[in-house]
Amino acid sequence: MTDSETVVAQVDARTAELAGNLDVLLGRIDAACRAVGREPGSVRLLPVTKFFPAADVAILYGLGCREFGESREQEATAKVAELGERPDIRWHMIGRLQRNKARVVARWAHTVHSVDSERLATALDKGALAALEAGERIEPLRVLLQVSLDEDPERGGATTNDLDRLADQVAAAKGLQLGGLMAIPPLDAEPHSAFARLATLHTRLLAGHPSATELSAGMSGDLESAIEHGSTVVRVGTALMGARPITSG
Ligand SMILES: *Cc1c(COP(=O)(O)O)cnc(C)c1O
C-alpha cells in the first residue's frame, strides 16, 4: 500500500471502531432509560474526547455527534481551532478550570460543567461578557454547578451549603445562564447513594430555578445508575474512545 492508502485504511478502521462503540453506548443509554420508565431520548450522550486527536472528533461528527466534552483548556482550545469549519459543534468544558483561563474558555465553550466557586463564576461572567461584546459568541455561557458529593473541597465541587448562593449568583449574571448541576461520584462511594443525593439537590435547585433542568451525571462505568437518578446527559470517554493514553494530567 502507498502511504496515503495506509492512512485511509487507518481512518476506516477507527471509523468502524468508533461507530461500533457508539452503537453499543446508545443501546446502553436506551436500555437504561427503558429499565426505569424514562423516555428514550431524554438522556443525551456527551462524548468526552480528551487525550484523543481532533481527527477522532471529526469521525464522530461524521457519525452524527454534535456535542463534545473536553477537560483541559489548552488541549481543547487547540482542538476547537482545528475543527473550526464545523460551527454547529457544541463544546463542553467538563474539567477543573482556573480563573485565568475563563476568558479563553468563554470564547469557545457552549457549556461549562465545572463551576464550583463564586470567584470562578465571576471570572466566567466577565469572560462571557467580553466574548459577547467582541462578537466571539452570540449567547450567554451556559453553566452547570459542580457539586461535591463527599463535601471534600479538594476534589472539586461546591459544598451543599454554598450551592444556593452560587446558583443565585449565576442566575443573576448577565453573561451566564444557569443550566443545572454536575457531579462526579466520590471514588470510593457506591454510585447509587451518591446519585440519589445529587437528585435531591437537583430537585431543590429546580424549586428556585425551574429552567436549570440539566443534570450532568454518569460516565462509562456508572451511567445506568445515573440515568436511574435523573441524569439528562452522560459524559462518556473510555467506553466510546477506548483507553486513554497514560499521562500525568
Ligand atoms: C474524563 C472524564 C469523564 C469520562 O470518564 P470515562 O470514565 O472515561 O467515561 C467524565 N467526566 C469528567 C469530568 C471527566 O474528566
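Just so you know, ligand 1 is whichever comes first in the structure, and atom 1 is the first atom listed for that ligand.
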- Message: Please state which option from Met219, Met241, Glu70 has its nearest heavy atom closest to atom 5 (O) of ligand 1.
- Response: Met219
- Task: Pick whichever of Ala243, Ser220, Ser114, Gly242 has a heavy atom sitting closest to atom 6 (P) of ligand 1.
- Result: Ser220
- Query: At a non-hydrogen distance cut-off of under 4.0 Å, which region of Arg244 contacts ligand 1 (side chain, backbone, both, or neither)?
  - Reply: side chain
Please list the nearest protein heavy atom to [atom] with its residue and the distance rounded to 0.1 Å.
atom	value
atom 8 (O) of ligand 1	Thr238 OG1, 2.5 Å
atom 11 (N) of ligand 1	Arg235 NE, 2.9 Å
atom 13 (C) of ligand 1	Ile94 O, 3.5 Å
atom 1 (C) of ligand 1	Lys50 NZ, 1.5 Å

Would you call [X] and [Y] a salt bridge, using N to O less than 4.0 angstrom?
X	Y	value
Arg165	Asp168	no
Arg44	Glu214	yes
Glu136	Arg107	yes

- Arg90 and Thr111: side chain donor to acceptor below 3.5 Å: no
- Please could you name the atoms of ligand 1 that Ile184 approaches to less than 4.0 Å, counting only its heavy atoms? 13 (C)
- Query: Can you list the atoms of ligand 1 that are under 4.0 Å from a heavy atom of Val236?
  - Reply: 9 (O)
- Item | NZ or CZ of Arg244 within 45° of Phe51 ring axis and under 6.0 Å | no
- Distance-only N or O hit between ligand 1 and Met182, under 3.5 Å: no
- Message: With a 6.0 Å cut-off on the ring centroids, do His202 and His229 count as close?
- Response: no
- Look at the rings of Trp91 and Phe68 and say which category their plane angle falls in: under 30° parallel, 30 to 60° tilted, over 60° perpendicular. tilted
